[in-house]
Amino acid sequence: MPELPEVEVVRRGLVPHVVGREISSVEVLHPRPVRRHLPGPIDFADRLVGRTLLEPARRGKYLWLPLDDGEAILTHLGMSGQFRVDPPGTPDQAHVRVRLRFADGGPELRFCDQRMFGGMQVSDADGGIPPEIAHIAPDPFEDAYDPDRVVAAIRRRRTGIKRALLDQTLVSGIGNIYADESLWLARVHYAQATDAMSAPRVRELLAAVRTVMGEALEQGGTSFDSLYVHVNGESGYFDRSLNAYGQEDLPCPRCGTPIRREAFMNRSSYRCPRCQRLPRSRR
DNA sequence: TAAAGTCCCTGTTTGC
DNA sequence: TGCAAACAGGGACTTT
């Protein structure tokens, strides 16, 4: 499931394959992945033909391919989206939804998405951040990221800390996996009340977020059951480094207590029942 | 199956 | 007190 590190790996992987290439044709094989492009699939295709791609950019889990006219192809991988680069004529892998062909006759770009939570749309980005994602906060690796502001915003909330970490308008790029891993590293319970956390504690947790996602990035991202792969089809290795997520009943690497899985927000949360305890309520 | 991330809807709280 | 805006939480969407 692609979160920030996986999306960044994809972005870097795309750079040598798309920059400076002119799109010659676009094939939309399923309407759902372009559902956010309100003028429809035909307009989506028409708008792109003849355009040249610039260097891919990213904020949080969103990735966009800027075009030479200031617009951009804004994409989100959802939970199973992939970009694949393959020579023309290569048999399609499963779930190819959109295909871009290029004027140079070289490898084509395929957007594959089994579960179709992801999507693409042409955005009037005007050379900057697409307006559709202007409400998304900077991610921890951007220059615009300001930890002080994020700490303050989190402490103003009245909710559980994991819910706040997953709120892309506070800080972007964090999904279920890295939320659990960061909470484990910082020894924080997922349900910890945000307004009861000290500023240094929140700052510590945000530092853990950066640490965890930075390490994942170095290892090429996390991979699960082939849902996330590099543009060449290879998967990342960070899943071998997970300490909490998906580790139910396995010993906590820190204290040996079995990791527990609990339902939270219609999802699973993994935590060490010893390292990550909920403090007694202050109210 | 259960699992994922985002959007949308609803209900509540806050601020002027 | 009244109203609008912001916030919080839950479900839908989709596939295997």
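Just so we're on the same page: letters track the sequence lines, and every chain starts at 1.
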| message | Considering every strand and a 4.0 Å limit on heavy-atom distances, what is the contact class for A:R261: base, sugar-phosphate, or nothing? | response | sugar-phosphate

| request: Measure from NE2 on A:H30 to C1' on C:dC13 and round the result to the nearest Å. | output: 12 Å

| task | Quick one: classify the glycosidic conformation of B:dT1 as syn or anti, with syn meaning within 90° of 0. | result | syn

| message | Output the rounded distance in Å from CE (A:M116) to C1' (C:dT14). | response | 6 Å

| request: Please determine if a side-chain N or O atom of A:T159 lies less than 4.0 Å away from the OP1 or OP2 oxygen of C:dC7. | output: no

| Which residues satisfy the side chain to side chain contact (heavy atoms under 4.5 Å, CB included) test with A:L250, sequence neighbours excluded? | A:Q247

| field | 5′-ward residue of the pair A:R157/A:R97 relative to DNA chain C | value | A:R157

| remark: A correct 5'-to-3' footprint of nucleotides 6-16 of chain B, with B, S and - meaning base, sugar-phosphate only and no protein heavy atom under 4.0 Å, is BS-----SS--

| note | Atom CZ of A:R115 and atom P of B:dA3 are separated, to the nearest Å, by 11 Å

| query | Considering only side-chain heavy atoms of A:E3, which listed nucleotide, C:dT16, B:dA3, B:dG5, is closest? | reply | B:dG5

| remark: Rounded to whole Å, CG of A:D195 lies from C1' of C:dC7 at a distance of 13 Å

| message | So, using side chain to side chain contact (heavy atoms under 4.5 Å, CB included) as the criterion, who are the partners of A:Q121 when residues are at least two apart? | response | A:R36, A:H37, A:L74, A:E132

| said: Looking at A:R163, I'd like to know whether one of its side-chain N or O atoms comes within less than 4.0 Å of OP1 or OP2 on C:dG10. | reply: yes

| Separation of A:L170 atom CG from C:dA8 atom C1', in whole Å? | 12 Å

| Sequence neighbours excluded, which residues qualify as side chain to side chain contact (heavy atoms under 4.5 Å, CB included) partners of A:K162? | A:L166, A:N176, A:A179, A:D180, A:L183, A:Y190, A:F264, A:S269

| Selection residues 104-142 of chain A - residue pairs positive for ring-ring contact (aromatic ring centres under 6.0 Å, His included), sequence neighbours left out | A:F83-A:F111

| query | For A:R35 and C:dT14, what is the distance between atoms CZ and C1' respectively, to the nearest whole Å? | reply | 9 Å

| field | Connected-component partners of A:I42 among ILVMFWY, side-chain separation under 4.5 Å | value | none

| request: Check whether any side-chain heavy atom of A:K61 lies under 4.5 Å from a side-chain heavy atom of A:L77, and answer yes or no. | output: no

